[in-house]
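Reviewing the structure listed below.
All values below come from the heavy atoms of this structure, side chains included, with hydrogens, waters and symmetry mates left out. Here the structure is a predicted model, which is why all the values come from computation and not from measurement. Letters A, B, ... are given to chains in the order of the sequence lines, protein chains preceding strands, and every chain is numbered from 1.
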Amino acid sequence: MIGLPRGVQDIMPSEVKIWQFIEKTAREIFESYNYQEIRTPIFEFTELFTKGTGETTDIVIKEMYTFLDKKGRSLTLRPEGTPGVVRAFIMNKIYNLNIPWKVYYIGPMFRYERPQAGRYRQFHQLGVELLGIKDPIADFEIIKIAVEFLKNLNLANIEVEINSLGCQKCRPIYRKALMDYFASFKHELSEIDKERLERNPLRLLDSKEEKMIEIKEKAPSALDYICGECQEHFEKLKNYLNISNIPYKINPKLVRGLDYYTRTVFEITTDILGAQNAIVGGGRYDNLVEIYGGPPIPGLGFALGIERLILLLSKIDLDLSLDEKKLIYLAIIDQNSNNFIIDLSEKLIEKKYRIEIGDPSLPLKNHLKIANRLKAELVIFIDSLIKEEKIKVKKLKTGEERILNIYNLVSELEIML
RNA sequence: GUGAACGUAGCUCAGUUUGGCAGAGCGCUGGGUUGUGGCCCCAGUGGUCGCGGGUUCAAAUCCCGCCGUUCACCCCA
């Protein structure tokens, strides 16, 4: 038997309902805030991610599925959604006519990591991006949409954490302060952390190594170093959150693993997912459009892991069968009724029923067994009665049976249901 | 990439400590009962014990390698 590569999986029919429910809810919420869906390619030039996501990030250093195509071009399966969206924004010159630009996406992402619960090599993200608004009301809107979405899925036990990483002007000052601070502990740092210190000292803040937890406790906080404008931006965001009663926690140690973030970063976490506690992550990226060679247009967004969401939802009871169409099982006993069966099937489907056409070679008993297993509401017996233009119908729940005239069959069925 | 646990029927798992005929429940198939399905009763079906190698008279069981899953680290969604 040929198996499956590590970290990828089938989403089988029995589990697809929850996916559809999540996607439907997402579309409803996002579109009610006037976001439109965008579908970008699953692979892009590798450069898009090295430049955008960042050379110092773990994603780029060790997690990308990168390969050469037949002409020797370096391509990469997208590890996250934002770079593709921003690329599309620039390539299609949206900034000339259509900002702010509000889009969302749903689709697979790929990262070469050791799989764990809620973490796979092919996983699915649902993300929202907003380009062209500098005002903190945009930061608020993005967080609000994420919270609203989770609320609509009946998720409790979630916490919003926010932080500000400053802008191009003040970030270097903070970066310097962090380097100076950690440099004094240099002899205590692990090899990886020493390297981080040089390349991206912000990343040291979410290290979970025992020594680091202690050291970083007293590390300088970004909020003390950011400039006046960034301070004001952050204050305004907090104010919006207060007004709309979205509870949040300021986490000065919250940094994110992508290089392009500026100012606001946020995460929505839960305590019931073990180490994979981040369910939503996002932030502002005011320089990314420029990094890709576009005009100076600010942007921000969030992404959410669908597999993790499903893991969370599996802990609460959800009835997803409510909006299903009612199932009618056609038990074919008389083999010479093809015309009638085809005609009846079409009529039932037109009336928004689901139908299951039973295997005509089965005995009556098996038809009922299968109909019961499929949770059919009604079984229609197509047997010798058809010669008298009559047909027998059984309601499975009550066992009630009726003989109906074929001419007003469909309307009689509605009465039985 | 590091450390640990695990992998037995379609599913959930027992059996591994101390090597000795491959097991249970659910499901599935057939039968009985029921007005013809569900409930109940009876019977049957189902396995390369993850894969490969080694030790042994004998391996699901002990040893080694590989693959996969899970948990933690790393990191992130």
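A gap of 10 Å separates the P atoms of rG47(B) and rA9(B), to the nearest Å. Across the P atoms, rU61(B) and rG7(B) are found 11 Å apart, a figure rounded to whole Å. Rounded to a whole angstrom, the distance from the P atom of rA4(B) to that of rA22(B) is 33 Å. rC71(B) and rG31(B) have their C1' atoms separated by 48 Å, given to the nearest Å. On the C1' atoms, rA60(B) is 14 Å away from rU17(B), given to the nearest whole Å. Rounded to a whole angstrom, the distance from the C1' atom of rG32(B) to that of rG37(B) is 15 Å. Of the C1' atoms belonging to rU12(B) and rU69(B), the separation is 16 Å, rounded to the nearest Å. Taking the P atom of each, rC63(B) and rC6(B) are spaced 11 Å apart, rounded to whole Å.
In terms of heavy-atom proximity, Gln9(A) sits nearest to Leu4(A) at CA-CD2, 3.8 Å. Ile297(A) and Leu131(A) make their closest contact through CG2-C, 4.4 Å (heavy atoms, listed as atom of the first residue, atom of the second, distance).
Within 4.0 Å (heavy atoms only), Lys397(A) reaches at least one base atom of the nucleic acid. Nucleic acid contact for Gly127(A): none, since no nucleic acid atom lies under 4.0 Å from a heavy atom of the residue. Nucleic acid contact class of Gly7(A) (heavy atoms, under 4.0 Å, all strands): sugar-phosphate only. Within the 4.0 angstrom heavy-atom criterion, base atoms lie near Tyr120(A). Here Lys395(A) lies out of heavy-atom contact (under 4.0 Å) with every strand. Heavy atoms of Val280(A) sit under 4.0 angstrom from primed sugar atoms or phosphate atoms, though from no base atom. Within 4.0 Å of Glu63(A), counting heavy atoms only, lie sugar-phosphate atoms of the nucleic acid but no base atom. Residue-level contact check: Leu309(A) touches neither bases nor backbone, having no heavy atom under 4.0 Å from any strand. Counting non-hydrogen atoms under 4.0 angstrom, Ala371(A) reaches nothing in the nucleic acid.
Centroid-to-centroid, the aromatic rings of Tyr240(A) and Phe140(A) come within less than 6.0 Å.
Regarding Phe381(A), its CZ atom lies at a distance of 10 Å from the P atom of rG37(B), rounded to whole Å. One interatomic measurement links the two molecules: CD1 of Ile380(A) to C1' of rU36(B), which rounds to 16 Å at whole-angstrom precision. Whole-Å rounding puts the Leu362(A) CG to rG30(B) C1' distance at 14 Å. What separates CD of Gln122(A) from C1' of rA77(B) is a distance of 14 Å, to the nearest Å. Remark: P of rC74(B) and CG of Asn277(A) are 12 Å apart, rounded to the nearest angstrom. Taking atom CD1 on Ile403(A) and atom C1' on rG35(B), their separation rounds to 13 Å, with Å as the unit. Per the geometry, NZ belonging to Lys394(A) stands 10 Å off C1' belonging to rU34(B), to the nearest Å. Nucleotide rC74(B) holds its P atom 16 Å from the CD1 atom of Ile59(A), rounded to whole Å.
Applying the Watson-Crick and G-U wobble criteria (two distances, each under 3.5 Å), rC62(B) pairs with rG54(B). rG35(B): no Watson-Crick or G-U partner with both key distances under 3.5 Å is found in any strand. Look at rA4(B): its Watson-Crick or wobble partner, with both distances under 3.5 angstrom, is rU70(B). rU12(B) and rA24(B) make up a base pair, with Watson-Crick or G-U wobble contacts both under 3.5 Å. Figure legend. rA43(B) is base-paired to rU29(B); pairs are counted as Watson-Crick or G-U wobble with both atom distances under 3.5 Å.
Closest approach to the Lys369(A) side chain among rA4(B), rA77(B), rG37(B) is made by rG37(B) (side chain taken as heavy atoms from C-beta onward). Nearest to the side-chain atoms of Arg114(A) among the listed nucleotides rC74(B), rG3(B), rU33(B) stands rG3(B). Taking only side-chain atoms of Arg6(A), from C-beta outward, the nucleotide of rU34(B), rC73(B), rU69(B) with the closest atom is rU69(B). Picking from rC73(B), rU33(B), rU70(B) the nucleotide with the shortest atom distance to the side chain of Pro115(A) gives rU70(B). Comparing atom distances between the Leu396(A) side chain and each of rC74(B), rU2(B), rG37(B) picks out rG37(B) as nearest. Taking only side-chain atoms of Phe123(A), from C-beta outward, the nucleotide of rA4(B), rA77(B), rU36(B) with the closest atom is rA77(B). Of the listed nucleotides (rG37(B), rU70(B), rA77(B)), rU70(B) has the atom at the smallest distance from the side chain of Ala117(A).
Here Arg354(A) does not pair with Glu356(A) in a salt bridge; the nearest charged N to carboxylate O distance is not below 4.0 Å.
The phosphate of rG30(B) (OP1 or OP2) has a side-chain N or O of Asn366(A) nearer than 4.0 angstrom.
At a cut-off of 3.5 angstrom, counting only N and O atoms as typed in the model, there is a donor on one side and an acceptor on the other between the side-chain of Asn372(A) and the base of rG37(B).
The aromatic rings of Phe89(A) and Trp101(A) sit tilted relative to each other, their planes meeting at an angle between 30° and 60°. A tilted orientation is assigned to the rings of Tyr285(A) and Tyr261(A), their planes being inclined by 30° to 60°.
Along RNA chain B, the nucleotide nearest His124(A) and the nucleotide nearest Arg373(A) are compared for position; the residue whose nucleotide lies closer to the 5' end is Arg373(A). Each of Val255(A) and Glu400(A) lies near RNA chain B, and the nucleotide nearest Glu400(A) is the one positioned closer to the 5' end.
Taking the ring axis of Tyr353(A) as reference, the NZ or CZ atom of Lys326(A) does not stay both within 45° of it and closer than 6.0 Å to the ring centre. Figure legend: Arg121(A) and Tyr112(A) shown as a cation-pi pair, the cationic atom lying under 6.0 angstrom from the six-membered ring centre and within 45 degrees of its axis.
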